[in-house]
Amino acid sequence: MAEREREPAGWQLEQSAPEAYERYLVPPMFAPWAERLIDATDFERDDRVLDVGCGTGIVARRITDRPGGVGTVVGLDINEKMLEVAETAAAKSQLEIEWRRGDVTDLPFSDGAFDVVLCQQALQFVTDPSAAFREMRRVLGPGGRVAASVWRPLEYNSGYVELAEALERHVGDDAETMMRSPFPEWTGEDLGTLVRDAGFSESLRTIEIGSMRYPSVEEFVRREAASSPLSEPLGNIEPDVREALIEEVRNALEDYIDDEGIVFPMESHLLTAQR
Ligand SMILES: C[S@@+](CC[C@H](N)C(=O)[O-])C[C@H]1O[C@@H](n2cnc3c(N)ncnc32)[C@H](O)[C@@H]1O
């Protein structure tokens with residue numbers, strides 16, 4: 001790792017959060033997890049695939065690009081700005097994907113319009129996840145398959161435990177709540193119940209363990225700030241508060257610091273089911 005990359009980059013959170021998400025979080029985190037989701041799913045050549053809560057579209061892009069290919073791919077998200085970044089990234093790689101704005105609890109598609117529905121790390125942000133699963137089943141045809149991933153609770157994602165606690169002390173409750181929101185208190189059994197109650201017949205749950213690496217503690221905090229709704233509360237904090245925040249995270253995560261920066265384990269539920 002070049003020394004230059006380890007230098008704090010300051011708090012110029014100049015990009016939009018979706019651009020920062022695509023630049024900082026997708027390559028080291030969401031792209032490798034997208035591969036796991038795709039590997040856990042059976043595809044056939046003519047499958048019509050829907051990626052719900054697609055964000056900047058990494059799952060949709062990886063499926064479209066996979067050897068063997070699939071029939072058609074649609075990415076749907078509630079956030080227009082995420083979709084704009086998705087569209088630009090797909091166009092750059094000349095991938096044919098349809099991007100739609102919509103809510104997973106009220107999908108703008110007819111019954112049975114897809115063969116596969118995928119959802120990576122979005123259900124925890126949905127106000128009614130039961131309705132989301134019902135809708136995902138409704139738009140699947142006979143033999144349809146769903147695969148979804150949701151981070152395990154915060155205590156299984158140690159880097160973010162320490163960041164959330166430091167944010168609470170140095171920035172406030174809202175910043176802490178935002179940092180906790182991707183990690184719901186759901187057990188695998190909770191997810192299994194949601195899927196069964198939605199009418200899916202067979203399901204399989206696995207616990208997946210990976211890791212996340214940042215070039216430094218400063219970059220861990222800064223990139224998380226830039227790539228999420230935290231860009232607002234963290235964009236304007238005083239330098240001394242920022243330093244105290246980073247110092248606290250550095251001390252708490254001392255055991256995960258190595259010559260290449262900082263690395264820590266991340267755990268996710270992965271669920272697959274048949275219509
Ligand atoms: C952490 S991002 C994950 C994005 C993408 N699946 C990925 O792996 O990079 C969560 C996404 O869920 C979207 N989202 C949240 N609630 C939604 C809803 N009700 N319907 C559709 N998308 C939603 C957000 O806009 C955001 O893009």
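Note that ligands are numbered from 1 as they come in the structure, with each ligand's atoms numbered from 1 the same way.
Salt-bridge formation is detected for the pair R180/E176: a Lys NZ or Arg NE/NH1/NH2 atom is positioned less than 4.0 Å from an Asp or Glu carboxylate oxygen. The pair R62-D51 does not meet the salt-bridge criterion, since no charged nitrogen lies less than 4.0 angstrom from a carboxylate oxygen.
Applying the ring-ring contact (aromatic ring centres under 6.0 Å, His included) test to pairs two or more places apart or on separate chains, those with a residue in residues 239-266 are Y160-F264, F220-F264.
For R101 (side chain) and I78 (main-chain N/O), a donor-acceptor pair under 3.5 Å exists by modelled atom type.
Applying the side-chain contact (heavy atoms from CB on, under 4.5 Å) rule to R250 yields the partners V217, E218, I246, E247, I257; only residues at least two apart in sequence or on another chain are considered. In this view, W33 and W151 satisfy the ring pair (Phe, Tyr, Trp, His ring centres under 6.0 Å) rule, not counting sequence neighbours.
Ordered by chain and residue number, the residues placing a heavy atom less than 4.0 Å from ligand 1 are Y21, F30, G53, C54, G55, I58, D77, I78, N79, M82, G102, D103, V104, Q120, Q121, A122, F125, V126.
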